[in-house]
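Read the structure below first, then the notes.
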Amino acid sequence: MTELTTNNAPSVTGPLASTAQSGAANYPGLDHWRELPISQQPTWSDKGVYDASVKELSVLPPLVFAGEVDVLRERLAAAAQGKAFLLQGGDCAETFEGATADKISARVKTILQMAVVLTYGAAMPVIKMGRMAGQFAKPRSSNDETRDGVTLPAYRGDIVNGYDFSPESRSHDASRMLKAYHTSASTLNLIRAFTQGGFADLRLVHLWNKGFTENPAHARYESLARDIDRAIKFMDSCGADFEALKRVEFFASHEALLLDYERALTRIDSRTGLPYDTSGHFLWIGERTRELDNAHVDFLSRVRNPIGVKLGPNTSGDDALRLIDKLDPNREPGRLTFITRMGAGNIREKLPAIVERVTASGAQVLWVTDPMHGNTVTSPNGYKTRNFDDVIDEVRGFFEVHRALGTVPGGLHVEMTGDDVAECLGGADPIDQDAFLDRYESVCDPRLNHMQSLEMAFLVAGALAKHQ
């Protein structure tokens, strides 16, 4: 029910559809992480609720299938070689309340629009991946939060506790993992309907703009859509077969932060006998949890999913090489992605040495830029925000470094939404801090809105075209 397949991918809807066996996975080493140091985990308030929740999660159907994961690994291998480009976007932190058809469809439409801009502008296949259907857990800099002299546990994402500042809401409730699973399943089902049911047909590119506020990026997209429309009509008159244009691949990803959840959703692939984390196609390890000998790296080293690792400005070349040895010892194409989040002021200085060390080692990882997390500031009126110019400058720096080194800039990872929010300052139709008072909606980090996301896509398409 939740498979995300296309006519271009090997079928996973036949006898191999359920390639991950139901029930808790039993495989050597999968629980070794429990013996290692671990950070950013909840303290569950009720052991009985925890045990029951994990038991139920362990026998629920997989959210994604091993065959889909294998297809994604092939796509990412192509991106690492410069034959495709990864576009990964979505909410900072999904919420149960925000998992509505309108909000999910707006996010998917925006990602599809960005992908069309990148594909057309750079003449390159684009891998479409959402930070969706599982991005419910968030790392925090402090375990607690204090307001007006009252101290409560920090909000760690809807999968752990609630955002409301009350003892009941902030209690770490393991039953929320079940709600996260079911919310992810319904989100995946809706994504599949959009991407496989005709809405993603390239002949409908104009419709993807409907419902969004008109702005400079909107107008530029409409012009590009007209060009695509003319090209399709020309090909149609030549008798071209448009079956491949009717649906798209769309993959789901999230930070594998809550290991109780990830372990419970790990299944054994009946084709190979190997473990897959079926909570999502692509999983990443955050900057705060990538310690080499700690739990997160150990657990994800043992599952077959493609894995990403966030690398901040304090990362060394040796750090990167050790992560490769642990997470990708066989140097498997498409297995490992490094998502760099250096900050606009650091990217040109810090990234080259890391890329050079990795390249010299012979490893072929996929290099992706996350221009959001290294550029977070506080606005004068007290809101957590990012300056659009800083975000763009980090993207430019990322491309400049790879161009200078002759390496492949393989992807873009952004926190964005399809909604008309005001959370990041600037853009072609500028957002100022006064707009935060009415249109700031994020429960964690500020996101690009629809217009800023499209503007970003046009800028990246231009950088990609120059790089080729």
[X]-[Y] side chain donor-acceptor pair, cut-off 3.5 Å:
| X | Y | result |
| --- | --- | --- |
| S316 | D318 | no |
| Q452 | R447 | no |
| N449 | E423 | no |
| N189 | S186 | no |
| H172 | S45 | no |
| R302 | T266 | no |
| H296 | E262 | no |
| R73 | N305 | no |

Close side-chain approach of [X] and [Y], heavy atoms under 4.5 Å:
| X | Y | result |
| --- | --- | --- |
| I111 | M416 | yes |
| F194 | S105 | yes |
| V391 | M372 | yes |
| M132 | I104 | yes |
| T385 | Q433 | no |
| H373 | E287 | no |
| L425 | F436 | yes |
| V309 | L300 | no |

_Using every non-hydrogen atom in the two residues, find where D70 and Y276 come nearest and quote the distance to one decimal._
OD1-OH, 2.8 Å
*What are the two closest non-hydrogen atoms of A133 and L188, and how far apart are they?*
CB-CG, 3.6 Å
*More than 12 heavy atoms from other groups under 6.0 Å of CD on E97*: no
*Is it the case that more than 12 heavy atoms not belonging to K326 sit under 6.0 Å from its NZ atom?*
yes
Check whether any side-chain N or O of [X] sits under 3.5 Å from a backbone N or O of [Y] as a donor-acceptor pair, and report yes or no.
| X | Y | value |
| --- | --- | --- |
| R247 | G198 | no |
| S223 | R220 | no |
| N387 | D389 | no |
| R331 | D328 | yes |
| R176 | D158 | yes |
| R131 | D91 | yes |

*Check each of H413, K310, R341 against D370 using the side chain to side chain donor-acceptor pair (under 3.5 Å) test, and report the only one that passes.*
K310
*For I324 and F338, run side chain to side chain contact (heavy atoms under 4.5 Å, CB included): C-alpha distance rounded to whole Å, both residues' side-chain angles, the deciding distance at 0.1 Å, then the answer.*
CA-CA 10 Å; I324 293 170; F338 280 151; 3.7 Å; yes
*Any residue meeting side chain to side chain donor-acceptor pair (under 3.5 Å) with S175, in chain and number order, not counting sequence neighbours*: D173
_Can you confirm whether or not the ring centre of F96 sits under 6.0 Å from the ring centre of F136?_
yes
